Amino acid sequence: MNIRAIWAIYKFEMARTWRTLMQSIISPVLSTSLYFVVFGAAIGSRIAEIEGVAYGAFIVPGLMMMSLLTQSVSNASFGIYFPRFTGTIYEILSAPISFFEIVLGYVGAAATKSILLGLIILATASVIVPLEIRHPVWMMGFLVLTAVTFSLLGFIIGIWADGFEQLQIVPLLVITPLAFLGGSFYSLDMLPPLWQRISLFNPVVYLISGFRWSFSEVSDVSVGVSVAMTMGFLGLCLTVIWWIFRTGYRLKS
Amino acid sequence: MDPIISIRNLSKTYATGLEALRNVDLDIDRGEIFALLGPNGAGKTTLIGIVCGIVNATAGTVSVDGFDIVRDYRKTRARIGLVPQELTTDAFESVLHTVTFSRGLFGKPADPAHIERVLRALSLWDKRDARIMTLSGGMKRRLLIAKALAHEPDILFLDEPTAGVDVSLRQDMWNLVRRMRETGVTIILTTHYIEEAEDMADRIGIINGGRLILVEDKASLMLKLGRKRLVLHLAEPLDAVPPALAAYDLQLGAGGCELIYTYDTRKERTGITALLNDIREAGIGFRDLHTTQSSLEDIFVDLVKRSQ
Ligand SMILES: Nc1ncnc2c1ncn2[C@@H]1O[C@H](COP(=O)(O)OP(=O)(O)OP(=O)(O)O)[C@@H](O)[C@H]1O
Ligand SMILES: [Mg+2]
């Protein structure tokens, strides 16, 4: 294992975060706070509570998840796409480092970034609404697992993408809608039965449900199913990554 | 001594169907400077890319220091430093940061003193805190060299290192390359400037259309270069070289209308005076004469034309 190389990539990527602090941390925090103002304060004042949880507190896990998903994907996809775009990828490819180690460096940094971001959102939220976290260890577990899984997805997108537009498309057209429809702001029980069933095809439902359970023990599906779905998605991403590196897809000609 | 790089039957066909390399066999000796010459699109960068791990070979094998570049890629790549043809840099990074990164990426422990030495040798130390995008093209080129040297490689690939570098910097760069060679580093460079290959290289390889068409010691190439041809345009065509002139290395050309004498300009006696005397005594008349000298350029152009 070339630990120094993994560390070099990780540090390099984290340095980019600090340099682009505005983009990386501040703007998601700002937009999350806006969601709070709109959904928590304005609309939430009309909805008393959901399954015994105050609406303001109910949406916190959903909001964290939403940022976690979009930020993991865009951080990781940009992280690997940029060297491909500028050509500096030559150095990574010519280094004595395995593909697995490359993934560890890039995905590790992207996941770290979004976990930090999730925690900052949590801290911001706890200032606005009273929060209770019943299972902090599970909460961190879901946070880390989701961050890693979606950073892997982002990495895949960054390798597949042929232009900056494609880089934007997936977070914008897939992740954000799925997160909105995945129960960030409501409980599935509030939907008509048909839509409840359709929602179960949305993988984000399982992530948000499990995550919310770790806060308040309120969930749309059982925690076991949530964990299984998350692990399944992680496994899928790892398989795709393994295939990419075995074939050199879009990296080596 | 066994070669440091050994390339066997190497072929590359790109996804587009283009055959960039065809059955290349090449050994690079330890500690030599090898110049790879060839026109645009000949396959130089592809060859380097395969050895460095950036391009997958279609067929054939490459070993570096006895290790296979696919099976033992960690060992082979750790020994190699690559300066790419394109100026590809992270615009927003600082010089020091990017060179330090390169060293870490190749698995070497941090060594600020070595990084400083490299940056000083390339006159970049004063620019160490500058962002890369504020550097000039020639500085970026040197930065790429610094990155390649950051992990103290045994083998250095320079893919057209002097493109866009001014004359005095070019001199500095070659001095650096010579110093590296003195410390035992093997250097493989590509260039379009034949004089550079002449100045720098121990051996020269010429590649065209993916085929390696010549590999030769510079010394023996220079020997060919040192040779001149004297061409006599005869008044009457000859059927054969007359016995009286058998002592000379003569050839008939242009259907017997030309008598061609090849000689070495660097010899004390070229034999021209004696030859001309003997020709007159043999009763052979000539209308005109001229001499030609083949330069590496001629050899190059000639070889490339013939290989097409
Ligand atoms: N990624 C690629 N896909 C398809 N064809 C390629 C690719 N890279 C290079 N080629 C082709 O392979 C051939 C060899 O290219 P290469 O870059 O090795 O040439 P070169 O000798 O380095 O040329 P130059 O002196 O211009 O740098 C060219 O015809 C080029 O068009
Ligand atoms: Mg080239």
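What you see is a predicted model, and the numbers here were worked out from it, not measured in a lab. Here is the naming used below: chain letters follow the sequence lines, and residue numbers restart at 1 for every chain.
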Next on the checklist: So for Thr98(B), is it side chain, backbone, both, or neither that comes closer than 4.5 Å to the heavy atoms of chain A?
Outcome noted: neither
Checklist entry - Side chain, backbone, both or neither: which part of Ala78(B) has a non-hydrogen atom closer than 4.5 Å to chain A? => result both
Checklist entry - More than 12 non-hydrogen atoms from neighbouring residues, nucleotides or ligands closer than 6.0 Å to CE on Met231(A), yes or no? => result no
Checklist entry - Can you tell me how far CD1 of Ile54(B) sits from OG of Ser94(A), rounded to the nearest 0.5 angstrom? => result 5.0 Å
Next on the checklist: With a 4.5 angstrom heavy-atom cut-off, is it the side chain or the backbone of Lys108(B) that approaches chain A, or both, or neither?
Outcome noted: backbone
Item to check | Option in Pro109(B), Ala15(B), Ala91(B) with maximal non-hydrogen atom pairs under 4.5 Å from chain A | outcome: Pro109(B)
Checklist entry - Which one of Thr100(B), Leu87(B), Leu82(B), Thr76(B) has the most heavy-atom pairs closer than 4.5 Å to chain A? => result Leu82(B)
Item to check | Distance, nearest 0.5 Å, that separates CD1 of Ile97(A) from CZ of Arg77(B) | outcome: 9.5 Å
Next on the checklist: Quick check on Ile89(A) against chain B: is it the side chain, the backbone, both or neither that has a heavy atom closer than 4.5 Å?
Outcome noted: neither
Next on the checklist: Between Gly49(B), Ser102(B), Gly81(B), who has the most heavy-atom pairs with chain A when the cutoff is under 4.5 Å?
Outcome noted: Ser102(B)
Checklist entry - Do other residues, nucleotides or ligands put more than 12 heavy atoms under 6.0 Å from Phe85(A) CZ? => result no
Next on the checklist: Contact between Ile92(A) and Leu105(B) at the side-chain level, heavy atoms closer than 4.5 Å - yes or no?
Outcome noted: yes
Checklist entry - Does the side-chain contact (heavy atoms from CB on, under 4.5 Å) test come out yes or no for Ser98(A) and Tyr73(B), once each step is laid out? => result CA-CA 9 Å; Ser98(A) 73; Tyr73(B) 68 93; 3.1 Å; yes
Checklist entry - At their closest point, which heavy atom of Gly104(B) faces which heavy atom of Ala8(A), and how far apart are they? => result C-CB, 3.8 Å
Next on the checklist: If I take atom CD1 from residue Ile132(B) and atom OG1 from residue Thr88(A), how far apart are they, to the nearest 0.5 angstrom?
Outcome noted: 9.5 Å
Next on the checklist: Could you measure the distance from the OH atom of Tyr90(A) to the OG1 atom of Thr88(B)? Nearest 0.5 Å is fine.
Outcome noted: 5.0 Å
Checklist entry - Would you call Glu93(B)-Arg16(A) a salt bridge at under 4.0 Å N-O? => result no
Checklist entry - Once the angle between the rings of Phe12(A) and His97(B) is folded into 0 to 90°, is it parallel (under 30°), tilted (30 to 60°) or perpendicular (over 60°)? => result tilted
Next on the checklist: A quick test of your reading: do over 12 heavy atoms of other residues, nucleotides or ligands sit less than 6.0 Å from CH2 of Trp138(A)?
Outcome noted: no
Checklist entry - Checking side-chain contact (heavy atoms from CB on, under 4.5 Å) for the pair Glu91(A)/Phe101(B): CA distance, chi angles, key distance, verdict? => result CA-CA 10 Å; Glu91(A) 198 179 18; Phe101(B) 167 77; 3.9 Å; yes
Checklist entry - Counting only heavy atoms not in Phe100(A), do more than 12 fall under 6.0 Å of its CZ? => result no
Checklist entry - Are more than 12 heavy atoms from other residues, nucleotides or ligands located less than 6.0 Å from atom NZ of Lys127(B)? => result no
Next on the checklist: Is it the case that over 12 heavy atoms from other parts of the model lie below 6.0 angstrom from the CD atom of Glu116(B)?
Outcome noted: yes
